[in-house]
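Let me begin by presenting the structure, written as structure tokens, before commenting on it.
We number each residue from 1, following the sequence as shown. Computation of the quantities below employed the complete heavy-atom set of this structure, encompassing side-chain atoms and omitting hydrogens, waters and symmetry-equivalent molecules. These numbers come from a predicted model, not from an experiment.
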Amino acid sequence: MKDSVSNGHVDVLILGILFLSQFIDIQSPDYGPFLAATLGIYLLLSALTAIGFFMSSLTTYQTISAIASFTVLFALMYIGDLWQKYAFVRDLTHFLSIRDRSEKMVSGLIRTKDILYYLVIIYLFVGFTLLKLKSQRRARPWYIHTARYITIIASGLLVGYVGSLPRLAGYLDTSAQQLNTIRPETQKNFSKLNGEELEVTYYSNILKFLLHTGFLIKPEEYTSCVDVWEPYVRFKPDITFKFEYFYYATPSEEQTLHQMFPGKTLRQIAGIAAKLYEMDPTLLKSPEEIRRENKELDRLGVNTGFASVIQLKYKGKKVFLQGLPAAHEIISGRFTPGHEPIMNAAIHRLTGTKMPKIAFVTGELERDILKNGEREYSSQDQALEPLGFDFTVVNLNRQDSVSDFAVLSNRDTAIDKATWIDNKLSHDTSVSALSSFLAGGYINSGVTTVVLADPKVELSPVALTKLKNYLDTGGNMLILGEPKKQQILNPLLRHLGVQLMPGQLVQPNANETPDKVACYETPAYYDLANKYVLMLNKDVWKGHGYDYFMDLAKVVMKGAVPLSYTNDSGFLIKPLLITKPLNKDVRDKLWLKQGKLVIDSVAPEFDAQEGDTRQDSFATAIQMTRQINGKEQRIVVCGDADFMANSNAMSDDPDPAEEIYSWLNYGRFPVYTVVSHYPPDNKVILSPKRAAFQKAIYSWVLPGILLLLASVLLLRRKRK
């Protein structure tokens with residue numbers, strides 16, 4: 001037994017030597033995770049040694065003792081997966097699991113429940129060992145031995161279980177950048193949830209999972225869900241979790257299910273699915289039951305493409321989180337920092353924060369926030385509503401004001417405006433709100449940004465006047481144009497000192513049609529939001545210009561019009577996207593073509609007689625700012641509407657809508673939680689000569705010393 005303890009200390013000593021070299025070889029090393037990892041490995045080895053003690057006391061055969069020890073370790077690894085369907089045992093088996101205990105410490109997070117777990121394991125098996133040794137020296141009745149074992153087990157499990165409760169758990173993030181902790185912005189928002197518990201409910205539609213349209217969170221994955229939320233439970237221990245299961249299918253889905261299971265009702269199909277996934281069919285609620293319990297879910301959750309929808313409830317207010325966290329992350333027990341902006345938006349909604357509202361102008365055949373076509377803008381609602389933006393539409397040719405309400409869209413069935421409006425207005429059944437919305441009209445005070453996206457016909461005098469008045473009073477706006485639409489938007493843009501230039505940009509290319517133009521982000525674009533990728537690109541640009549990431553800064557626009565502007569309009573104007581990278585001479589030239597452009601024939605050629613023009617660089621998107629009415633007015637004008645359309649969101653290109661709306665709404669949302677991409681310990685100062693020396697030490701000297709010590713120990717044993 002002494003040898004086992006000594007071996008454990010030797011292992012930690014060797015690990016300490018390796019860690020010591022890291023402190024020498026790394027500039028400004030982050031020593032916290034190293035120390036936490038050492039503690040975790042030491043506790044793990046101590047626990048394994050305690051298990052070995054007990055197994056060695058049961059038999060004199062070392063092979064049997066080793067097999068028994070590995071069997072216990074195997075049981076502790078997988079006991080957390082057993083009986084998770086049953087509430088009265090899952091907490092106990094989950095606590096007994098040794099899985100991920102030391103991994104947390106290796107990543108730099110020390111949890112009191114992990115330390116307590118290892119101490120309990122050591123206490124249990126050392127106690128078992130002492131009882132076994134005592135029983136060999138002095139005979140006792142069997143029931144006394146049994147009672148003593150039960151006392152040790154009960155006391156150890158009780159202390160461990162109580163110590164692992166969320167309210168009693170303590171945490172220490174030893175990393176310099178607090179990488180294992182939610183960001184300070186998120187902590188601040190969670191501090192607002194005081195005085196009442198936060199209820200998290202997973203609503204799962206089993207028929208969605210049967211149709212392979214989403215992931216289903218099953219009852220046995222309860223503890224995995226709770227573990228995923230631990231970064232938030234750490235700062236709000238009174239989060240409770242519920243799981244609700246139901247079955248529902250849209251008419252098209254129901255038809256598919258009846259083809260799969262002829263002659264079966266939906267209830268019967270749901271029962272078959274429950275048996276297939278080893279679930280209790282009595283847990284499933286009918287569509288009628290789920291409607292009575294949660295009307296919001298009836299409008300939102302059952303019609304989404306997700307099998308599971310998460311609802312947060314706080315002081316009577318409810319917010320849905322679709323796909324957060326993702327099912328694969330629940331199963332693997334991970335929760336990435338990328339979820340924090342979504343969670344922050346949800347907390348703001350629960351605590352009554354007035355969210356930014358984006359109003360899309362309609363009435364002149366503009367791009368539509370309500371349609372799913374590749375040229376439309378419905379992807380913005382789907383992607384940005386969870387990040388904190390509300391979307392609505394306004395027809396400026398009507399006379400009454402638009403009602404101020406939040407948007408909960410119906411992703412599957414909102415294929416036309418009538419259905420969408422019906423779903424939106426179901427949140428406010430007052431006759432006045434209904435009539436005012438249907439009437440449309442003025443841009444009310446609840447709107448923070450107005451979007452005019454590629455109108456197809458000229459703006460009416462009424463709409464044009466209202467937009468000019470909105471701009472004159474300091475309203476923020478996003479204006480997007482397209483080729484051949486200059487005469488439609490220029491009357492409004494002229495009011496701002498901006499114009500869409502006549503013609504269309506062309507860039508002949510061997511691989512693409514000439515209407516696809518390569519534009520490049522400017523430093524002003526990287527200042528739009530505190531988004532990680534923008535901050536990273538900005539730092540790279542400062543150090544190297546476009547030398548290292550010109551392709552990453554490229555935005556391909558299909559059908560773009562350049563912008564011209566004056567400097568005497570009262571606005572400070574900065575280009576966001578330009579056709580030639582700053583301080584670079586690109587080989588592929590482009591020009592502004594007048595007249596008709598044919599893209600499915602021979603490549604166009606520059607023709608000065610037709611009015612084609614070239615210049616060093618064209619601006620295809622600009623930002624405009626000025627001080628008015630005590631605030632900074634912000635406007636973005638772009639000569640292409642496709643780069644923010646659904647087709648772009650479905651591609652591999654990043655969607656620019658997020659950062660543009662963030663800037664137009666003064667960075668309030670999304671609530672970005674960015675960790676510095678330049679940590680202090682990012683530089684290795686190990687020279688080749690010292691590396692060769694260390695290799696010799698670790699490959700030959702240390703193993704030689706260990707071999708010598710082992711030989712001496714073996715000789716001393718033989719002499720005894």
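Looking at K242 and V200, their side chains never come closer than 4.5 Å, going by heavy atoms from C-beta outward. Considering only heavy atoms from C-beta on, I310 stays 4.5 Å or farther from T201 through its side chain. Using a 4.5 Å cut-off on side-chain heavy atoms (C-beta onward), E658 and L387 make contact. Annotation: side chain of R690 is in contact with side chain of Q694 (closest heavy-atom distance under 4.5 Å). In this structure, the side chains of Y248 and L207 stay at 4.5 Å or more apart for every pair of heavy atoms. At least one side-chain heavy atom of L131 sits less than 4.5 Å from a side-chain heavy atom of I152.
Within the 3.5 Å criterion, the main-chain N or O of M77 finds a donor-acceptor partner in the side chain of R99. The closest donor-acceptor contact from the side chain of S191 to the backbone of K188 lies under 3.5 Å. No side-chain donor-acceptor contact under 3.5 Å links Y171 to the backbone of I110. T59 contributes a side-chain N or O that, together with a main-chain N or O of Y61, makes up a donor-acceptor pair within less than 3.5 Å. The main-chain N or O of S107 is found under 3.5 Å from a side-chain atom of N180 such that the two form a donor-acceptor pair. Here the side chain of R138 pairs no donor or acceptor atom with the backbone of Q136 at under 3.5 angstrom. Within the 3.5 Å criterion, the main-chain N or O of S102 finds a donor-acceptor partner in the side chain of Y118. When atom types are taken as modelled, the side chain of D30 and the backbone of S175 share no donor-acceptor pair closer than 3.5 angstrom. A donor-acceptor contact shorter than 3.5 Å links the side chain of E289 to the backbone of S286. Although no hydrogens or angles enter the test, the distance criterion places no donor-acceptor pair under 3.5 Å between the side chain of K132 and the main chain of F54.
Ring pair Y78/F74 is tilted by interplanar angle, where 30° to 60° counts as tilted. The aromatic rings of F241 and W229 lie perpendicular to each other, with more than 60° between the two planes, well past the 30° mark.
With ring centers used as reference points, Y672 lies 6.0 Å or more from Y532. Residues F125 and F53 place their aromatic rings such that the two centres sit no closer than 6.0 Å. The aromatic ring centres of F95 and Y161 sit 6.0 Å or more apart.
One distance of note links OG1 of T282 with CG of D280; it measures 3.0 Å at 0.5 Å rounding. Rounded to the nearest 0.5 Å, atoms CG (L350) and CE (M343) are 9.5 Å apart. Atom CD of Q268 and atom CZ of F261 lie 11.5 Å apart (nearest 0.5 Å). A distance of 9.0 Å separates CG in L58 from OG in S69, rounded to the nearest 0.5 Å. Rounded to the nearest 0.5 angstrom, M105 CE and T38 OG1 are separated by 11.5 Å. The structure places CG of D173 at 11.0 Å from NZ of K104, a figure rounded to the nearest 0.5 Å.
Within a 6.0 Å sphere centred on NZ of K192, other residues, nucleotides and ligands contribute more than 12 heavy atoms. By the 6.0 Å contact criterion, OH on Y277 is enclosed, its count of non-hydrogen atoms from other residues, nucleotides or ligands being greater than 12.
Side-chain polar atoms of Y31 and T174 form no donor-acceptor pair below 3.5 angstrom. T240 and E199 share no side-chain donor-acceptor pair at under 3.5 Å.
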Name every donor-acceptor pair, under 3.5 Å, that has one atom in a side chain of residues 698-712 and the other anywhere in the protein, sequence neighbours excluded.
| from | atom 1 | to | atom 2 | distance (Å) |
| --- | --- | --- | --- | --- |
| Y698 | OH | S21 | OG | 3.1 |
| S699 | OG | K695 | O | 2.8 |
| S711 | OG | L707 | O | 2.8 |

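In this structure, S57 and L133 approach most closely via the heavy-atom pair CB-CD2, 4.5 Å. Residues K317 and R349 come closest through the heavy atom pair CD-O, 4.2 Å. Shown here for A346 and L312, the closest heavy-atom pair between the two residues is CB-CD1, 3.9 Å. Taking all atoms of both residues into account, the shortest heavy-atom contact from P341 to P670 is CB-CB, 4.2 Å. Scanning both residues, V162 and L168, for their nearest heavy atoms gives O-CD1, 3.3 Å. In plain terms, the two heavy atoms of A37 and V106 that are nearest each other are CB-CA, 3.8 Å.
Applying the ring pair (Phe, Tyr, Trp, His ring centres under 6.0 Å) criterion to Y314, with sequence neighbours excluded, gives no partner residue.
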Self-check item: Criterion side chain to side chain donor-acceptor pair (under 3.5 Å) on T186 and E340, from CA distance to verdict
Solution: CA-CA 7 Å; T186 311; E340 290 191 43; 2.5 Å; yes
Practice problem: For F235 and F190, run ring-ring contact (aromatic ring centres under 6.0 Å, His included): C-alpha distance rounded to whole Å, both residues' side-chain angles, the deciding distance at 0.1 Å, then the answer. | Solution: CA-CA 7 Å; F235 293 93; F190 261 80; 7.9 Å; no
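Among residue pairs with one or both ends in residues 110-121, those qualifying as salt bridge (charged side-chain N to carboxylate O under 4.0 Å, His left out) are R101-D114, R111-D114, R111-E230, K113-E230; sequence neighbours excluded.
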